[in-house]
Amino acid sequence: MDSIALSKKEFNDLKNLVYSTSGINLHEGKIELLKSKIAKRMRLTKKSFNDYLKYLDSNEREVVEFIDTVTTNHSFFFRENKSIEYIINQFNRHPQKDTKEFKIWCAACSTGDEPYSIAVQLKDMGLSFSILATDISHTVLDIASRGVYRNDKLKKVPLPILHRFFQKGTGKYKGHIKIKKEISRNIEFKKFNLIMDTPPQINFDAVLCRNVMIYFDLKTSEKVINKLYKVLVPKGFFAIGNAESLMNLDHNYKSIRKIPSLYIK
Ligand SMILES: C[S@@+](CC[C@H](N)C(=O)[O-])C[C@H]1O[C@@H](n2cnc3c(N)ncnc32)[C@H](O)[C@@H]1O
């Protein structure tokens with residue numbers, strides 16, 4: 001059995017559950033994908049359909065299995081790097097740059113490509129930093145913590161940085177690279193749900209929340225960006241994805257004219 005019957009009401013219950021847990025709006029185009037995912041999870045958990053829906057209701061980790069089905073965790077190194085480059089150049093002009101530790105939060109870090117990309121550029125500039133990298137999905141966080149990637153995810157990494165901060169895989173890791181310890185020890189990977197969780201009591205110099213709000217409606221996006229505003233230092237940077245916008249949202253960020261996806265507090 002690869003798929004199951006899902007009534008309109010059952011689909012709506014599932015949709016409401018995913019929305020209230022993650023802020024993600026499931027649309028009916030995803031129904032077939034969902035049915036086969038439910039069938040697979042029923043088999044694995046050995047539960048009947050009704051029992052499985054009850055189980056879902058009380059288990060956020062299980063809900064995340066669905067989010068992983070309908071969202072993409074797609075990311076790669078040096079993706080949309082203009083805003084990151086701009087932030088790092090500004091950090092490099094900071095009057096206390098030689099003694100300061102820059103604090104950055106990647107608030108939907110997926111498999112880690114984004115925080116590692118920032119880390120190697122900061123290290124290359126000789127700046128001290130710590131990065132908090134969070135995501136709702138335990139699956140992507142496990143990958144991020146391992147720090148092992150297929151070579152094709154690093155096509156955009158400049159060669160000097162590639163040689164300096166990555167180890168080439170051999171044997172069964174041929175075709176892969178591993179990020180060096182001197183980089184990964186400055187990054188903490190942690191589960192954080194942008195909708196449900198309270199941000200840490202840290203003042204960040206920059207917060208990135210990129211390519212996740214495309215799954216949220218305006219009301220949810222507005223809540224998230226204002227929640228993140230509170231943890232930024234004055235004049236701290238806030239980056240969103242190139243395909244995202246803060247238009248039609250009520251907020252106090254100021255835009256940076258040269259970089260459309262970058263804002264300042
Ligand atoms: C497309 S990836 C973005 C990765 C990276 N920021 C980039 O731009 O390449 C979107 C990520 O958002 C995560 N996500 C979805 N809903 C979330 C939520 N409510 N809280 C935290 N992360 C969430 C997904 O698990 C996924 O890893």
Side-chain angles (χ1 to χ4, degrees), residues 15-27 30 33 37 60-87 104-121 131-147 149-150 152-157 187-200 204 206-228 231 237-245 259-263:
K15 181 180 158 90
N16 291 338
L17 183 62
V18 169
Y19 181 72
S20 61
T21 314
S22 69
I24 292 167
N25 253 324
L26 294 181
H27 39 84
K30 301 282 184 188
L33 206 62
K37 182 78 179 186
E60 192 199 324
R61 201 177 161 99
E62 192 64 25
V63 177
V64 170
E65 288 288 335
F66 283 93
I67 299 164
D68 278 344
T69 316
V70 293
T71 62
T72 156
N73 298 314
H74 176 66
S75 192
F76 54 88
F77 282 74
F78 280 61
R79 178 183 193 184
E80 299 173 6
N81 199 50
K82 282 231 154 25
S83 48
I84 294 176
E85 224 174 80
Y86 184 93
I87 295 171
I104 297 139
W105 182 10
C106 288
C109 70
S110 187
T111 41
D113 318 39
E114 180 176 272
Y116 288 130
S117 298
I118 301 170
V120 292
Q121 293 175 81
I131 300 180
L132 172 67
T134 61
D135 200 282
I136 196 173
S137 161
H138 44 89
T139 318
V140 292
L141 289 171
D142 287 347
I143 298 171
S145 307
R146 282 182 64 217
Y149 299 91
R150 283 190 327 267
D152 61 293
K153 289 196 115 197
L154 289 103
K155 281 185 196 143
K156 291 198 159 197
V157 180
I187 307 177
E188 182 188 12
F189 289 104
K190 222 171 159 177
K191 190 166 166 303
F192 184 90
N193 181 341
L194 284 162
I195 309 305
M196 311 262 271
D197 295 336
T198 308
F204 292 98
V207 173
L208 288 86
C209 184
R210 307 196 309 167
N211 301 305
V212 58
M213 286 191 289
I214 33 173
Y215 302 110
F216 297 163
D217 58 17
L218 289 181
K219 195 173 100 201
T220 307
S221 297
E222 194 168 288
K223 271 197 207 146
V224 168
I225 64 165
N226 287 310
K227 194 189 235 192
L228 299 177
V231 298
F237 294 102
F238 180 61
I240 59 172
N242 285 355
E244 295 165 327
S245 155
I259 320 270
S261 53
L262 190 60
Y263 297 80

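Bear in mind the structure is a predicted one, so any value in this text is a computation, not a measurement. Order of listing sets the numbers, starting from 1, for every ligand and every atom in it. These numbers come from the heavy atoms of this one structure, side chains and all, not from hydrogens, waters or symmetry mates.
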| message | Heavy-atom distances under 4.0 Å decide this one: backbone, side chain, both or neither, for His74 against ligand 1? | response | backbone

| query | Do Phe78 and Gln121 come close enough that some side-chain heavy atom pair is under 4.5 Å? | reply | yes

| field | Enumerated ligand 1 atoms positioned under 4.0 Å from heavy atoms of Glu114 | value | 5 (C), 6 (N), 7 (C), 8 (O)

| field | Nearest protein heavy atom with distance in Å, relative to atom 26 (C) of ligand 1 | value | Asn73 OD1, 3.3 Å

| field | Residue, atom name and distance, where the atom is the protein heavy atom closest to atom 3 (C) of ligand 1 | value | Arg210 O, 3.5 Å

| Looking only at distance, does Ser75 have an N or O less than 3.5 Å from an N or O of ligand 1? | yes

| said: Check this for me: does any side-chain nitrogen of one of Lys153 and Asp113 sit under 4.0 Å from a carboxylate oxygen of the other? | reply: yes

| query | So, is Leu194 polar-close to ligand 1, with some N/O to N/O distance under 3.5 Å? | reply | yes

| Ile87 and Ile118, any side-chain heavy atoms less than 4.5 Å apart | no

| task | May I ask you to identify the nearest protein heavy atom to atom 22 (N) of ligand 1, giving residue, atom name and distance to one decimal place in Å? | result | Ile136 N, 3.3 Å

| field | atom 19 (N) of ligand 1: nearest protein contact (heavy atom, Å) | value | Ser22 O, 2.9 Å

| query | What protein heavy atom sits nearest atom 12 (O) of ligand 1, and how far away is it? | reply | Val212 CG2, 3.4 Å

| query | Above 12 or not: heavy atoms from other molecules or residues under 6.0 Å from NZ of Lys156? | reply | no

| request: Give the residue, atom name and distance (to 0.1 Å) of the protein heavy atom nearest atom 27 (O) of ligand 1. | output: Asp135 OD2, 2.7 Å

| query | Which heavy atom of the protein is the closest neighbour of atom 10 (C) of ligand 1, given with residue, atom name and distance? | reply | Asn211 O, 3.4 Å

| query | Would you say Phe192 contacts ligand 1, with heavy atoms under 4.0 Å as the rule? | reply | yes

| Is Lys15 atom NZ crowded by more than 12 heavy atoms from other residues, nucleotides or ligands, each under 6.0 Å away? | yes

| task | Taking the side chain as every heavy atom from C-beta outward, state whether Tyr215 and Thr72 have any pair of such atoms under 4.5 Å apart. | result | yes

| said: What I'd like to find out is whether the side chain of Val224 reaches to under 4.5 Å of the side chain of Ile195, using heavy atoms alone. | reply: yes

| query | Which ligand 1 atoms are under 4.0 Å away from a heavy-atom of Arg79? | reply | 7 (C), 8 (O), 9 (O)

| query | Which of the numbered atoms in ligand 1 are below 4.0 angstrom from a heavy atom of Ser137? | reply | 25 (O)

| message | Going by the closest heavy atom to atom 1 (C) of ligand 1, which one wins out of Asn242, Val64, Thr139, Thr72? | response | Thr72

| N or O pair under 3.5 Å between Ala107 and ligand 1 | no

| request: Could you find the nearest protein heavy atom to atom 16 (N) of ligand 1 and give me its residue, atom name and distance? | output: Ile24 CD1, 3.6 Å

| query | Would you say Asn193 has any N or O atom under 3.5 Å from an N or O of ligand 1, going by distance alone? | reply | yes

| said: Within the 4.5 Å heavy-atom criterion, are Ile225 and Met213 side-chain neighbours or not? | reply: yes

| query | How close do Glu60 and Lys191 get, heavy atom to heavy atom, and via which atoms? | reply | OE2-NZ, 3.2 Å

| request: Look at ligand 1 and say whether Gly23 reaches it with a heavy atom at a distance under 4.0 Å. | output: no

| query | For the side chain of Ser117 and the backbone of Phe77, is there at least one donor-acceptor N/O pair under 3.5 Å apart? | reply | no

| request: Over 60° means perpendicular and under 30° means parallel, so classify the ring planes of Phe238 and Tyr263, tilted if in between. | output: tilted

| field | Which of the ligand 1 atoms, numbered from 1, are nearer than 4.0 Å to a heavy atom of Ile195 | value | 19 (N)

| Carboxylate-amine/guanidinium contact Asp217 Lys219, below 4.0 Å | no

